[in-house]
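Below is one structure; the comments refer to it alone.
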Amino acid sequence: MKPQQESGLSRDPSGEARDANVLAAPSPRATYRLQFHAGFTFDDAIAILPYLARLGISHVYASPLQTARPGSTHGYDIVDHTRINPELGGEEGFLRLSDALKLHGLGLILDIVPNHMGIGGADNAWWLSVIEWGQLSPHAIAFDIDWERLGANGKLVLPFLGKRYGEALEDGELTLKRDESGGGFSIWHFEHRFPISPLSYPILLDRVLVLVADQAPQGDRELLAISSRLRALSENPAGAGPEGLVAECEALKQRLEQVITESPALAEATERALALVNGAKDVRESFDTLHRILEMQSYRLANWRVAASDINYRRFFDINTLAGVRVEEPAVFERTHALILDLVRAGRIQGLRIDHIDGLADPEGYVRALQSEVGPDFYILVEKILGHGETLRPWPISGTTGYEVLNLIDGILLDREGAAAIEESYREITRQPDSFEELLRRAKRETLHASFASELEVLVSDLARIAYGDRRSRDYTIHAMRQVLTEIIERLPVYRSYITDEPSPEDRTLIEETVAGAIAGTPMPDTSLHRFVAALLLGEADRLMTAPPPAEHLARFRRRFQQLSGPVTAKSLE
């Protein structure tokens with residue numbers, strides 16, 4: 001991101017730098033939603049601003065503006081937090097819109113997406129770096145990936161294949177190609193790009209050297225030197241130079257690209273080598289080399305159906321192409337919010353709407369961090385669905401997006417006396433005797449085991465790691481853990497709890513009553529595991545164990561429990 005002095009984001013239309021007083025912005029009187037995409041850009045919005053002003057609108061409420069997946073019609077699949085989406089008009093277009101809003105006396109409330117980023121395809125540089133380098137990537141901290149997930153073998157599971165891996169490989173749907181723009185090589189599966197680690201390049205480069213047959217002696221020697229160095233680093237990563245393994249390999253990639261580009265003979269030999277490695281359909285053995293290369297990577301390509309049970313990165317609900325972001329990490333918060341905060345400080349944004357606040361590890365900690373950056377009393381709303389009887393926590397925000405108010409308004413238009421007749425007709429048509437509460441529990445159970453089975457298994461793994469570490473809890477079985485967690489989550493009456501360190505009185509009551517309900521309804525003869533889970537959530541595990549579990553393990557279990565219950569409830573209610 002360019003400095004503010006160069007970008008113009010902190011300057012008014014006259015070009016004079018100004019010190020925006022964000023506290024002076026009045027609260028919205030009436031808002032009008034604008035959904036930006038390639039078919040409705042900033043300039044399109046400028047054309048309707050006079051009309052909005054005549055309507056009495058005080059603030060435009062805009063969909064996300066940061067760069068999303070190409071062709072996105074909604075903008076919630078952000079792939080680059082540091083740039084304004086060029087499809088919408090880019091920085092220059094946004095500045096024109098901002099100036100026009102000011103001219104018509106309108107403010108701007110912006111939708112921001114801290115919970116997840118768009119992945120898949122070939123557009124998210126952070127995600128591509130994680131694919132290429134695994135845990136060594138400088139961007140690995142940004143994504144909520146469980147590298148220790150049982151069965152993943154320390155790899156990132158990528159369920160993007162249309163077929164089972166072996167079929168996709170032998171049908172020629174996984175193709176190794178040269179990345180001419182940035183150097184290096186990637187596996188492509190239709191529109192999806194999967195970079196391979198430079199440490200596996202020597203397998204290919206050795207074939208290039210054989211095929212070129214001394215046609216480019218100078219290039220041969222340079223190519224041999226690059227291949228030898230990459231092989232040495234593969235065998236001894238600690239032997240990298242002072243700049244580090246990733247940085248040295250990135251430099252070697254650039255040298256490699258230069259050598260191939262400058263030598264037509266090497267370029268041709270590289271393409272021939274790639275053709276050989278990519279195999280020939282109906283010759284099964286010809287795919288062995290490509291399979292060997294893929295086995296060396298920090299990721300495992302898999303059929304999309306694998307996501308239901310084996311995926312090891314947190315998703316937005318059950319959408320494989322939206323990966324959870326660890327915005328609770330200060331460095332990640334800074335990277336993902338720098339542009340937005342620049343716009344706020346420049347006086348070009350008067351309010352923020354936080355998408356899917358319940359998906360975050362620590363919603364309260366997040367809004368406090370955000371409010372501290374924009375200043376007290378800045379207008380912040382959160383997308384939060386309150387359960388029946390649930391009240392909004394005392395967070396430093398202006399309120400929610402208003403779902404609960406809409407429910408009240410809708411209630412004015414309903415004749416409650418007709419409820420009995422509607423229910424009678426419903427029972428007659430569906431032959432369904434169960435109560436709404438029981439139907440919701442059944443829906444949550446089915447959703448948890450169908451759409452979120454992978455997330456449930458991660459939670460079971462976290463619970464097992466804690467239980468197996470103590471002699472008083474090590475006899476709890478995986479099957480029992482899975483059942484108990486299901487019973488507790490399906491009886492949670494709200495979307496989630498918000499426990500970080502000490503549970504609030506609301507959270508204590510919520511967990512105790514929910515677990516009591518699960519115990520009352522369970523067919524299990526032994527209910528001690530229910531109480532064990534409650535103790536972990538409430539920070540009272542030392543009562544049931546010989547020693548408290550490691551703080552890191554406890555925090556991870558509690559965080560994942562809370563991040564799972566919300567989407568399960570939302571999807572089940574829908």
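From a predicted model like this one, the values you see are computed outputs, not experimental measurements. Numbers for residues simply follow the sequence, beginning at 1.
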Inset, instruction - Please lay out, stage by stage, how Arg558 and Thr500 fare under the test side chain to side chain donor-acceptor pair (under 3.5 Å). - result: CA-CA 8 Å; Arg558 181 185 288 158; Thr500 51; over 6 Å; no

Legend entry - Stepwise side chain to side chain donor-acceptor pair (under 3.5 Å) test for Glu404 and Thr400: CA-CA 9 Å; Glu404 64 279 3; Thr400 73; 2.6 Å; yes

Inset, instruction - Take Arg193 and Asp123 through the test side chain to side chain contact (heavy atoms under 4.5 Å, CB included) and record every step on the way to the result. - result: CA-CA 9 Å; Arg193 177 189 167 202; Asp123 314 300; over 6 Å; no

Legend entry - Audit row: Tyr313, Phe143, ring pair (Phe, Tyr, Trp, His ring centres under 6.0 Å) steps and yes/no: CA-CA 8 Å; Tyr313 61 88; Phe143 299 100; 8.6 Å; no

Legend entry - Steps toward side chain to side chain donor-acceptor pair (under 3.5 Å) verdict (Arg531, Thr527): CA-CA 7 Å; Arg531 289 186 287 273; Thr527 59; 3.1 Å; yes

Legend entry - Test log, rule side chain to side chain contact (heavy atoms under 4.5 Å, CB included), inputs Tyr403 and Glu383: CA-CA 8 Å; Tyr403 296 143; Glu383 184 200 23; 3.1 Å; yes

Inset, instruction - Using the side chain to side chain donor-acceptor pair (under 3.5 Å) rule, take Ser454 and Asp310 through it: C-alpha gap first, then chi angles, then the decisive distance, then the call. - result: CA-CA 5 Å; Ser454 184; Asp310 290 355; over 6 Å; no

Legend entry - From CA spacing to verdict: side chain to side chain contact (heavy atoms under 4.5 Å, CB included), His337, His81: CA-CA 7 Å; His337 288 69; His81 284 95; over 6 Å; no

Inset, instruction - With ring pair (Phe, Tyr, Trp, His ring centres under 6.0 Å) as the test, would you mind laying out the steps for His116 and Phe317 before giving the verdict? - result: CA-CA 10 Å; His116 54 266; Phe317 286 78; 9.0 Å; no

Legend entry - Working for side chain to side chain contact (heavy atoms under 4.5 Å, CB included), residues Gln432 and Arg427: CA-CA 5 Å; Gln432 177 56 256; Arg427 301 293 183 189; 4.2 Å; yes

Inset, instruction - Decide yes or no on ring pair (Phe, Tyr, Trp, His ring centres under 6.0 Å) for Phe36 and His74, but give the supporting numbers first. - result: CA-CA 7 Å; Phe36 288 108; His74 50 79; over 10 Å; no

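Within a 6.0 Å sphere centred on CZ of Arg442, heavy atoms belonging to other residues, nucleotides or ligands number more than 12. In this structure, Glu506 places its CD atom where more than 12 heavy-atom neighbours from other residues, nucleotides or ligands lie under 6.0 Å away. Around atom CZ of Arg416, no more than 12 heavy atoms belonging to other residues, nucleotides or ligands sit under 6.0 Å away. Within a 6.0 Å radius of CZ in Arg284, no more than 12 heavy atoms belonging to other residues, nucleotides or ligands are found. Annotation: Asp501, atom CG; neighbour count of heavy atoms from other residues, nucleotides and ligands within 6.0 Å does not exceed 12.
Salt bridge Asp111/Arg353: present, at least one basic N to carboxylate O contact under 4.0 Å. Using a cut-off of 4.0 Å between Lys/Arg side-chain N and Asp/Glu carboxylate O, Arg326 and Glu329 are scored as salt-bridged. Ion pairing between Glu390 and Lys384 holds under the 4.0 Å rule for side-chain N and carboxylate O. Taking 4.0 Å as the cut-off between side-chain N and carboxylate O, Glu540 and Arg543 count as a salt-bridged pair. Classification of Arg491 and Glu487 as a salt-bridged pair fails, no side-chain N sitting under 4.0 Å from a carboxylate O. Classification of Glu438 and Arg441 as a salt-bridged pair holds, one side-chain N sitting under 4.0 Å from a carboxylate O.
Judged purely by atom type and a 3.5 angstrom limit, Arg560 has no side-chain atom pairing as donor or acceptor with the backbone of Asp462. In this structure, the side chain of His189 does not engage the main chain of Leu174 through any donor-acceptor pair within 3.5 Å. A donor-acceptor pair under 3.5 Å is formed between the side chain of Thr336 and the backbone N or O of Phe333. At distances below 3.5 Å, not a single donor-acceptor pair connects side-chain atoms of Ser129 with backbone N or O atoms of Ala125. Side-chain atoms of Asp507 come within 3.5 Å of backbone N or O of Tyr498 as a donor-acceptor pair. The closest donor-acceptor contact from the side chain of Gln563 to the backbone of Gly359 lies under 3.5 Å. Thr447 contributes a side-chain N or O that, together with a main-chain N or O of Ala443, makes up a donor-acceptor pair within less than 3.5 Å. A donor-acceptor pair is defined here as one N or O able to donate and one able to accept, closer than 3.5 Å; no such pair exists between the side chain of Gln297 and the backbone of Tyr299. The backbone N or O of Leu169 lies less than 3.5 Å from no partner atom in the side chain of Lys163, so there is not a single donor-acceptor pair. A donor-acceptor distance shorter than 3.5 angstrom exists from the side chain of Glu87 to the backbone of Gly71, with no hydrogens or angles considered.
A distance of 12.5 Å separates NE2 of His553 from CG of Leu463, quoted to the nearest 0.5 Å. Interatomic distance, OG of Ser137 versus CH2 of Trp126, reported as 10.5 Å (0.5 Å rounding). How far CD1 of Ile196 is from CG of Leu294: 8.0 Å, rounded to the nearest 0.5 Å. If you take CZ on Arg305 and CG on Asn320, they are separated by 12.0 Å, rounding to the nearest 0.5 Å. Here the straight-line distance linking atom CD of Glu364 with atom CD1 of Ile357 works out to 10.5 Å at 0.5 Å rounding. Between atom CZ of residue Phe452 and atom CD of residue Glu457 there is a gap of 14.5 Å, rounded to the nearest 0.5 Å.
At least one side-chain heavy atom of Met545 sits under 4.5 Å from a side-chain heavy atom of Phe532. Considering only heavy atoms from C-beta on, Val484 comes within 4.5 Å of Ile488 through its side chain. Looking at heavy atoms from C-beta onward, Phe160 lies in side-chain contact with Thr321 at the 4.5 angstrom threshold. The closest side-chain heavy-atom distance from Leu156 to Asn312 is below 4.5 Å. The side-chain heavy atoms of Phe378 and Gln371, taken from C-beta on, include a pair separated by under 4.5 Å. Side-chain contact check for Ile354 versus Pro114: some heavy-atom pair is nearer than 4.5 Å. Between Tyr165 and Asn303 there is no side-chain heavy-atom pair separated by less than 4.5 Å. Inter-residue side-chain proximity for Phe194 and Leu158 is flagged as met; some heavy-atom pair is nearer than 4.5 Å.
Nearest approach of Ile519 to His530, heavy atoms of both residues: CG1-CB, 3.6 Å. Glu132 and Ser197 make their closest contact through O-CB, 3.6 Å (heavy atoms, listed as atom of the first residue, atom of the second, distance). The two residues Ala68 and Asn85 have their closest heavy-atom pair at N-ND2, 3.5 Å. When all heavy atoms of Ser63 and Leu110 are compared, the closest pair comes out as O-CD1, 3.5 Å. What you find for Arg496 and Asp358 is that their closest heavy atoms are NH1-O, 2.8 Å.
A cation-pi arrangement, defined by a distance under 6.0 Å to the six-membered ring centre and an angle within 45 degrees of its axis, is absent between Arg474 and Tyr468.
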